[in-house]
Enquirer: 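Quick one: structure below, then a few questions.
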2 protein chains.
Amino acid sequence: MASIKDVAAAAGVSVATVSRVLNDHPSVSDDARTRVLAAVETLGYRPNAVARSLRTDQTRTLGLVISDVLNPYFTELARSVEEEARALGYSVIIGNADERPDLQDHHVRTLLDRRIDGLLVSPAEGGSPLMLEAARAGTPMVFVDRWIPGLDVPVVRADGRAAIRDLVAHLHRLGHRRLAIIAGPAATTTGSERVEAFREALAEYGAPLPDAYIGQGDFQAESGRRVTEGFLDLPEPPEAVFATDNLMALGALDAIRARGLQVPRDMALAAFDDIPWFVHTDPPITAIAQPTGELGRAAVRALVDRIEGRPPQSVTLPARLVARRSCGEGRANDNRDDNQTPVQRSTS
Amino acid sequence: MASIKDVAAAAGVSVATVSRVLNDHPSVSDDARTRVLAAVETLGYRPNAVARSLRTDQTRTLGLVISDVLNPYFTELARSVEEEARALGYSVIIGNADERPDLQDHHVRTLLDRRIDGLLVSPAEGGSPLMLEAARAGTPMVFVDRWIPGLDVPVVRADGRAAIRDLVAHLHRLGHRRLAIIAGPAATTTGSERVEAFREALAEYGAPLPDAYIGQGDFQAESGRRVTEGFLDLPEPPEAVFATDNLMALGALDAIRARGLQVPRDMALAAFDDIPWFVHTDPPITAIAQPTGELGRAAVRALVDRIEGRPPQSVTLPARLVARRSCGEGRANDNRDDNQTPVQRSTS
DNA sequence: GGAGTCCGTGGAATCGATTACACGCTGTCG
DNA sequence: CGACAGCGTGTAATCGATTCCACGGACTCC
């Protein structure tokens, strides 16, 4: 592959001049410029990003470490991150941690080794030592969705508190009194926060949240199934289950059906994170929708601000309830909305 | 960030010795080795992958250019690719082309600029000039899922021919005679092949495939909706629709429901590509399942073989029919299988 | 007409690693 | 006892870019 030297030789100028043309530095004569451009063309020359990065100490690359690519929420997040990054002239390398701290560590390490300009992280299980160290060492970093308290790192996330209150109101209005929750790992902020908000909302209705109605999941479908089976085995099973992510909701749906029971007749179901497929499940699932795309874009903007020396800002955006049929038939003034994306239009 | 020079200074040796220790070259004294290792430890030194890549002319990175990350099929593919690559000591950079040739070009270009060791591509729309050029220039490359004929590039893909024949048999057995298809872009191999196989399978039953029953889609949900609406507007609408990817199937489902019609009573529906959610839709959708994970792993192995100088092999794996309820109730000897992954167990 | 300015250009240092080559030392063998 | 092999190490070249500095020539201005 042709290097800058070959171009210089072909154009009859020095490498310095070629470099100047490539980075359109002002002081190059038109003559030299056209000759260099011609040489670039005929040689099919493309600058070596590796060499450039070594010299300039910047890679124009962002690292994104997420907990689970197979989760449609994170897939969408990753997509919006890449889009915004591209618009700002950056590439993105995605590391999928699969909710495993060791894998998260692996990806943080390789990304750091590659000298990415900044790191976008949705930490699994309270984060890894490496990540904390990198944050403290001053690596530009932004947390997205989940975060780690006590670190001076901007956080871009959705606040589900109000939407969870709406959900509890919705469930209450539909006559459900015994409400249970499938929690995520307590070590993740989203894991604990959603339970907290749920508990507080219940308190507003004078309802307790007994320990038996708090199932411990890990954001994966299988745990949703397991926890829900536990609920169903209770002497007095809950009337409604709130799964704190979409995969666990799927597991819950499985578990309920496996007993020959029906949603919402035998048990109501709601989920945190809305995804296109929820419109098409049987029944369509009531969910709390995050502004995922906006979250991804805001996170990138914050990180790039930080990288380029501007003060980065934490961002919190509201989530909102999207009522469908999985909790029972809502009244007319329920916030019924299935028209969010083309895929979702016209159904349920 | 500490460099190899700092380590050398701290350990009281030359950079060459440090490098030798790091790459565990045999001829280093134990004394030097321990001193270097100690210095590495206290400085928290990590080698700069950028510098190393420049010198060694290899990045131990694979590029993966796929057509649409939001499509669960490709998400799963990407995940298995990353897994296998990691096992072989490589990283993966994913480029999402969103079915747009210009974006595909953009990603191929940046990946090439970064001097990735090899490229895994699922070409959108017949591929870009850049890609063809790279292939001809000898960039290690492997096609996965889709490919471009006439290029000396190994292909790793699933053969859906037999499964499509099974599907047609299944539909025929259930009494459906007027069968339509939603095709993908003709410029993609998967787009044209699936139509071809469908046509041939129909021919075995003496059935034609009239042009009116071939809808032109683009592998996105919206096109599935549009095409299906066209089918429904026909004086004699088809009795069954076969969508050649999962997103178009979703669009079709939408379109059918929007008219107040039911699947499979009013129209049967089947899809190419099986995904976990198909078990949970209303009704569960009959689909042709590709061995996605195996495809991704085989593609990485082929590419790494090519990179490391071993002869790479093209691989073709069979797809298979997974009958569910969207085409009508099958007989007992139908190949009913909902037990592929934990998420899918026990339902439909 | 001499001093100073500006412009285009090239030489060379530099980024952080790898690695060919040379060198000094020790030990072996004829 | 001299030659030679082998080992551990350091010096320096190298990868492909960017960029500081200096230089020569043209031009302006007093």
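Letters go in sequence order (proteins before strands), and every chain restarts at 1.
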Enquirer: To the nearest angstrom, how far is A/Ile4 atom CD1 from C/dG11 atom P?
Expert: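 Atom CD1 in A/Ile4 sits about 14 Å away from atom P in C/dG11.
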Enquirer: Name the nucleic acid region contacted by B/Val18, choosing base, sugar-phosphate or nothing; use a 4.0 angstrom heavy-atom cut-off, strictly under.
Expert: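 The answer is nothing, as B/Val18 stays clear of every strand by at least 4.0 Å.
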Enquirer: Once you round it to whole Å, what is the distance between C1' of D/dG16 and CG of A/Asp6?
Expert: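 Computing the A/Asp6:CG to D/dG16:C1' distance gives 10 Å.
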Enquirer: Can you name the residues that form a side chain to side chain donor-acceptor pair (under 3.5 Å) with A/Thr190, not counting sequence neighbours?
Expert: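 Partners of A/Thr190 under the side chain to side chain donor-acceptor pair (under 3.5 Å) test: none.
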Enquirer: Counting only heavy atoms and a strict 4.0 angstrom limit, can you tell me which residues of residues 32-61 of chain A come near DNA chain C?
Expert: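 Those residues whose heavy atoms fall under 4.0 Å from DNA chain C, taken from residues 32-61 of chain A in numerical order, are A/Ala32, A/Leu54, A/Arg55.
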Enquirer: Regarding B/Ser27, tell me which of base, sugar-phosphate or nothing describes its non-hydrogen contacts under 4.0 Å with the strands shown.
Expert: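 Answer is base: heavy atoms of B/Ser27 come under 4.0 Å of a base.
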Enquirer: Using atom CG of A/Asp24 as one end and atom P of D/dT18 as the other, report the distance to the nearest whole Å.
Expert: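 Rounded to whole Å, this separation is 11 Å.
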Enquirer: Is the closest side-chain heavy-atom distance between B/Pro140 and B/Leu303 below 4.5 Å?
Expert: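 Counting from C-beta outward, B/Pro140 and B/Leu303 do come under 4.5 Å.
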Enquirer: Taking atom types as modelled, find out whether B/Gln220 and B/Asn71 have a side-chain donor-acceptor pair closer than 3.5 angstrom.
Expert: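 No, no side-chain donor-acceptor contact under 3.5 Å.
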Enquirer: D/dC15, OP1 or OP2 - any side-chain N/O from A/Ser3 closer than 4.0 Å?
Expert: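 No.
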Enquirer: Which pair of heavy atoms, one from A/Val153 and one from A/Val142, lies closest together, and at what distance?
Expert: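 Minimum heavy-atom contact is CG1-CA, 3.8 Å.
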Enquirer: If you only use heavy atoms from C-beta on, which nucleotide in C/dG16, D/dT18, C/dG10 is closest to the side chain of A/Ser14?
Expert: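 Nucleotide nearest to A/Ser14's side chain: C/dG10.
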Enquirer: Using a heavy-atom cut-off of 4.0 Å across all strands, would you classify A/Thr17 as base, sugar-phosphate, or nothing?
Expert: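 Sugar-phosphate contact only - A/Thr17 comes under 4.0 Å of backbone atoms but never of a base.
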Enquirer: Between C/dT18 and B/Ser19, is there an OP1 or OP2 to side-chain N/O distance shorter than 4.0 Å?
Expert: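 Yes, within the criterion.
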Enquirer: Rounded to whole Å, how long is the line connecting atom NE2 of B/His25 with atom C1' of C/dC21?
Expert: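 Answer to the nearest Å: 13 Å.
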Enquirer: Between atom CG in B/Asp30 and atom P in D/dG8, what is the gap in whole Å?
Expert: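 Rounding to the nearest Å, CG of B/Asp30 and P of D/dG8 are 9 Å apart.
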Enquirer: What is the separation between atom CG on A/Leu22 and atom P on D/dA17, rounded to the nearest whole Å?
Expert: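 Computing the A/Leu22:CG to D/dA17:P distance gives 8 Å.
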Enquirer: Quiz question: going by heavy-atom distance under 3.5 Å, is there a donor-acceptor pair between the base of D/dG16 and the side chain of B/Arg115?
Expert: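 It does not, because no donor-acceptor pair links the side chain of B/Arg115 to the base of D/dG16 below 3.5 Å.
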Enquirer: D/dG16 C1' sits how many Å from A/Met1 CE, rounded?
Expert: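 Whole-Å distance recorded here is 13 Å.
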Enquirer: Any donor and acceptor pair, going by atom type alone, linking the side chain of B/Thr189 with main-chain N or O of B/Trp147 inside 3.5 Å?
Expert: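 Judged by distance alone, yes, a pair lies under 3.5 Å.
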Enquirer: Is B/Glu99 salt-bridged to B/Arg146, cutoff N-O under 4.0 Å?
Expert: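 Yes, charged N to carboxylate O under 4.0 Å.
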Enquirer: Look at the side chain of B/Ala16 and decide which nucleotide, out of D/dG8, C/dT19, C/dG10, has an atom nearest to it.
Expert: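 Between D/dG8, C/dT19, C/dG10, the one nearest the side chain of B/Ala16 would be C/dT19.
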Enquirer: B/Arg114 has an atom CZ; how far is it from atom C1' of D/dG16, in whole Å?
Expert: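 About 16 Å, once rounded to whole Å.
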Enquirer: Hey, are A/Thr59 and B/Arg114 close enough side-chain-wise for a donor-acceptor pair under 3.5 Å?
Expert: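 Checked: B/Arg114/A/Thr59 side chains show no N/O donor-acceptor pair below 3.5 Å.
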